[in-house]
Engineer: 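Just dropping this structure here.
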Amino acid sequence: MAQSDPAVKVLDVCRVAPMPHTPNSTAQTTLPLTFFDVLWLRFSPNQRLFFYEFPYPETTLIDTILPKLKHSLSATLQHYLPLAGNLTWPPDSGKPIIQYNEGDTVSLTVAKSEANFYHLSGSIFREAEKFYHLLPSLPASKTTVPVLALQVNLFPDAGLSIGYAAHHVVFDGKSISMFMQSWASICRHGDGSTLTSELTPFFDRTVINDPSDIEKAYLDGWLAHNGPNNRSLEIWDVKAPPDTMLGTFQLTQANIESIKKWVEAKWLEKHIEKPAFHPSTFAITSAYTWVCLIKTRRLTTKKVQLVISIDCRARLEPPIPSTYFGNCITGRIIDADTNKLMEDYGVAQAAREIGEAVRGLDDGVLNGAEELISKLLSIQDGGFLSIAGSPRLENYNTDFGWGRPKKVELVSIAKSGAFSLSDSKDGNGGIEIGVVLKKHETEAFASLFASGLEYHQVRGKLRD
Ligand SMILES: CC(C)(COP(=O)(O)OP(=O)(O)OC[C@H]1O[C@@H](n2cnc3c(N)ncnc32)[C@H](O)[C@@H]1OP(=O)(O)O)[C@@H](O)C(=O)NCCC(=O)NCCSC(=O)CC(=O)O
């Protein structure tokens with residue numbers, strides 16, 4: 001957090017401990033990493049901001065809202081003890097572990113911001129650096145790293161934001177969303193600390209099988225990276241260029257339907273038969289955004305790559321509980337011919353590439369997983385893009401008792417360059433897309449995105 005930024009004043013840095021189960025309990029929890037976690041060892045943390053419109057004066061925010069947030073956080077951590085702990089790599093251990101000891105806490109920064117709440121929580125392109133001071137960071141260290149940090153920013157008479165930095169070695173999108181929704185639920189109900197079964201984390205790591213020793217491939221990859229035998233836990237300090245802008249775009253259900261119809265018609269034209277996979281909302285939305293980004297950036301590389309994340313919980317053999325806490329995602333790297341995606345047929349081609357990759361998961365979600373680390377570590381900039389977030393995380397359901405967020409922003413895409421997908425604020429099945437561009441690219445993207453929708457809408461109607 002940029003404490004020198006005049007737009008934010010730090011009021012307090014609190015340490016919130018998990019509420020004790022019983023008055024004299026002593027708790028120690030060790031959580032080993034699985035291969036799914038090890039994959040993310042040195043990746044920079046995910047940082048998300050939730051904006052709540054809340055036109056109360058500063059005194060109400062400080063006297064009423066903050067104590068409620070702190071109390072409910074402490075009650076929630078009781079169910080999520082490892083989140084108050086640290087990532088460490090004991091000398092006698094072959095891999096890092098998450099270690100919670102009695103007395104460990106989560107850092108919660110409280111700040112007051114004089115920035116324009118409505119601008120920050122809007123959708124038009126905004127400078128990424130305006131968000132950084134609203135978010136906590138995880139302190140750099142080679143030997144021990146906290147797994148989570150939180151920050152609440154008060155915008156008197158306008159609202160507040162809640163932001164987190166979550167170590168990717170501990171959380172995937174599903175786990176951090178579950179934690180935030182658990183905190184929100186306990187805060188909303190105010191009268192206890194119980195969680196529904198959908199929000200109760202399942203910590204048993206023995207459900208993750210690794211017969212082909214993917215863990216060794218990932219550990220070897222990290223140990224050799226800037227190695228040899230590099231056991232550092234230091235997180236990559238990735239910086240976004242100063243002219244980085246964040247923008248949010250929407251695809252309504254009607255937009256997605258018309259693109260889907262057009263894509264299916266194009267497939268029939270070119271391939272005679274419909275392909276044997278489903279043009280899902282994910283495939284259509286990702287294809288549309290990918291092509292708009294490639295055209296905006298005028299990529300000249302022969303090939304482009306798109307990395308998609310796959311939640312493996314329901315896809316493992318046997319499936320594991322949907323509430324499993326930790327990482328349970330793998331990736332697929334989709335390679336495509338840049339010229340083909342630039343053509344009139346580009347979105348249909350991109351949807352086909354994505355749809356085929358998703359269909360291929362039926363042959364084994366972990367096929368080729370052991371090569372993922374070497375592929376990810378060898379990726380060069382250029383034609384590479386990835387997708388973060390998912391509408392299935394239902395971030396807009398994170399209601400602390402003041403209604404749905406006005407805006408949810410995955411700010412860490414400014415560093416990774418990914419585009420993000422989310423459910424939409426009004427909950428009507430549309431998709432929110434977060435994109436990162438340089439300032440001079442923003443107009444071209446906005447114009448391509450809007451004109452493409454008009455085109456697909458007209459074509460879709462003509463085919464009805
Ligand atoms: C691999 C996938 C992206 C592929 O998605 P697809 O929708 O194309 O394919 P699919 O087989 O899952 O679903 C096909 C159809 O089944 C239905 N369907 C199946 N499961 C569903 C579910 N749980 N919720 C809603 N719909 C579902 C839908 O109707 C969909 O069609 P239709 O759409 O037409 O109705 C997805 O399965 C997946 O794993 N998503 C989660 C990815 C994730 O967790 N990302 C976060 C990474 S962590 C991260 O980035 C950090 C962070 O966010 O903090």
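Ligands are counted one by one from 1 in listed order, and the atoms in each one are counted from 1 as well. A quick note: this is a predicted structure, and the numbers were derived from the prediction, not measured.
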Engineer: Just checking, is any N or O donor in the side chain of S422 or Y396 under 3.5 Å from an acceptor N or O on the other one?
Structural biologist: no
Engineer: Would you mind checking which non-hydrogen protein atom is closest to atom 54 (O) of ligand 1, with the distance to 0.1 Å?
Structural biologist: R48 NH1, 2.7 Å
Engineer: Using only atom types and a distance under 3.5 Å, with no angle test, would you say the side chain of T88 pairs donor to acceptor with the backbone of T144?
Structural biologist: no
Engineer: Starting from atom 48 (S) of ligand 1, which protein heavy atom do you reach first, and at what distance in Å?
Structural biologist: G173 N, 3.3 Å
Engineer: Just do the ring pair (Phe, Tyr, Trp, His ring centres under 6.0 Å) check on W222 and W236 with the steps written out, would you?
Structural biologist: CA-CA 12 Å; W222 284 121; W236 281 334; 5.4 Å; yes
Engineer: Side chain, backbone, both or neither: which part of L393 has a heavy atom under 4.0 Å from ligand 1?
Structural biologist: side chain
Engineer: So does K216 have more than 12 non-hydrogen atoms from other groups sitting under 6.0 Å from NZ?
Structural biologist: no
Engineer: Quick one: does ligand 1 sit under 4.0 Å from the side chain of N46, the backbone, both or neither, non-hydrogen atoms only?
Structural biologist: side chain
Engineer: Under a 4.0 Å heavy-atom limit, does R332 contact ligand 1 with its side chain, its backbone, both, or neither?
Structural biologist: neither
Engineer: Look at atom 43 (C) of ligand 1 and say which protein heavy atom is nearest, naming residue and atom and giving the distance to 0.1 Å.
Structural biologist: S390 CB, 3.8 Å
Engineer: For ligand 1, is any non-hydrogen atom under 4.0 Å from D311's backbone (N, CA, C, O), its side chain (CB onward), both, or neither?
Structural biologist: both
Engineer: Give me the one residue out of E432, K425, K407 that meets side-chain hydrogen bond (donor to acceptor under 3.5 Å, both in side chains) with T248.
Structural biologist: K407
Engineer: Measure the CD-CG distance between E441 and D243 for me, rounded to the nearest 0.5 Å.
Structural biologist: 8.5 Å
Engineer: Any idea which protein heavy atom is nearest atom 11 (O) of ligand 1, and the distance to it?
Structural biologist: R315 NH2, 3.5 Å
Engineer: Would you mind checking which non-hydrogen protein atom is closest to atom 6 (P) of ligand 1, with the distance to 0.1 Å?
Structural biologist: S280 OG, 3.5 Å
Engineer: Do any nitrogen or oxygen atoms of S309 come within less than 3.5 Å of a nitrogen or oxygen of ligand 1?
Structural biologist: no
Engineer: For atom 49 (C) of ligand 1, what is the closest protein heavy atom, and at what distance to 0.1 Å?
Structural biologist: G389 N, 3.7 Å
Engineer: Say whether Y164, considering both its backbone and side-chain N or O atoms, lies within less than 3.5 Å of an N or O atom on ligand 1.
Structural biologist: no
Engineer: Under 4.0 Å and counting heavy atoms only, is there anything from the protein next to atom 13 (O) of ligand 1?
Structural biologist: yes
Engineer: Heavy-atom contacts with A388 under 4.0 Å: which atoms of ligand 1 show up? List them by number with element.
Structural biologist: 50 (O)
Engineer: First locate atom CZ of F35, then atom CG of N209, and finally report the distance between them rounded to the nearest 0.5 Å.
Structural biologist: 8.5 Å
Engineer: Is ligand 1 under 4.0 Å from a heavy atom in the side chain of I354, in the backbone, in both, or in neither?
Structural biologist: neither
Engineer: Tell me which part of K260 gets within contact of ligand 1: side chain, backbone, both or neither, using heavy atoms under 4.0 Å.
Structural biologist: side chain
Engineer: Under 4.0 Å from atom 29 (O) of ligand 1, is there any protein heavy atom?
Structural biologist: no
Engineer: Considering non-hydrogen atoms of the protein only, which is the closest contact for atom 32 (P) of ligand 1, and what is the distance?
Structural biologist: H278 NE2, 3.5 Å
Engineer: Under the ring pair (Phe, Tyr, Trp, His ring centres under 6.0 Å) rule, what do F325 and F171 come out as? Steps first, then yes or no, please.
Structural biologist: CA-CA 7 Å; F325 189 91; F171 302 91; 5.7 Å; yes
Engineer: Can you check ring pair (Phe, Tyr, Trp, His ring centres under 6.0 Å) on F125 and F249, steps first, answer last?
Structural biologist: CA-CA 10 Å; F125 277 105; F249 290 77; 5.6 Å; yes
Engineer: By number and element, which atoms of ligand 1 are closer than 4.0 Å to a non-hydrogen atom of I310?
Structural biologist: 1 (C), 39 (O)
Engineer: Determine, step by step, whether C312 and F36 satisfy the side chain to side chain contact (heavy atoms under 4.5 Å, CB included) criterion, reporting the C-alpha distance in whole Å, the side-chain angles of both residues, the deciding distance to 0.1 Å, and the verdict.
Structural biologist: CA-CA 10 Å; C312 300; F36 282 117; 3.9 Å; yes
Engineer: With ring pair (Phe, Tyr, Trp, His ring centres under 6.0 Å) as the test, would you mind laying out the steps for F179 and Y164 before giving the verdict?
Structural biologist: CA-CA 11 Å; F179 168 73; Y164 63 71; 8.2 Å; no
Engineer: Do F51 and Y118 make the cut of ring centroids closer than 6.0 angstrom?
Structural biologist: no
Engineer: Can you name the one residue among R48, Q47, R126 that meets side-chain hydrogen bond (donor to acceptor under 3.5 Å, both in side chains) with E409?
Structural biologist: R126
Engineer: Select the closest option to atom 33 (O) of ligand 1 among T281, V358, I256, judged by heavy-atom distance.
Structural biologist: T281
Engineer: With side chains defined as the heavy atoms from C-beta onward, is the minimum distance between L199 and S185 less than 4.5 Å?
Structural biologist: yes
Engineer: Atom 27 (C) of ligand 1: which protein heavy atom is closest, and how many Å away?
Structural biologist: R392 NH2, 3.5 Å
Engineer: I'd like to check which ligand 1 atoms, numbered from 1 as shown, lie under 4.0 Å from a non-hydrogen atom of I329.
Structural biologist: 47 (C), 48 (S)
Engineer: Is K174 touching ligand 1 with its side chain, its backbone, both, or neither, if touching means heavy atoms under 4.0 Å apart?
Structural biologist: neither
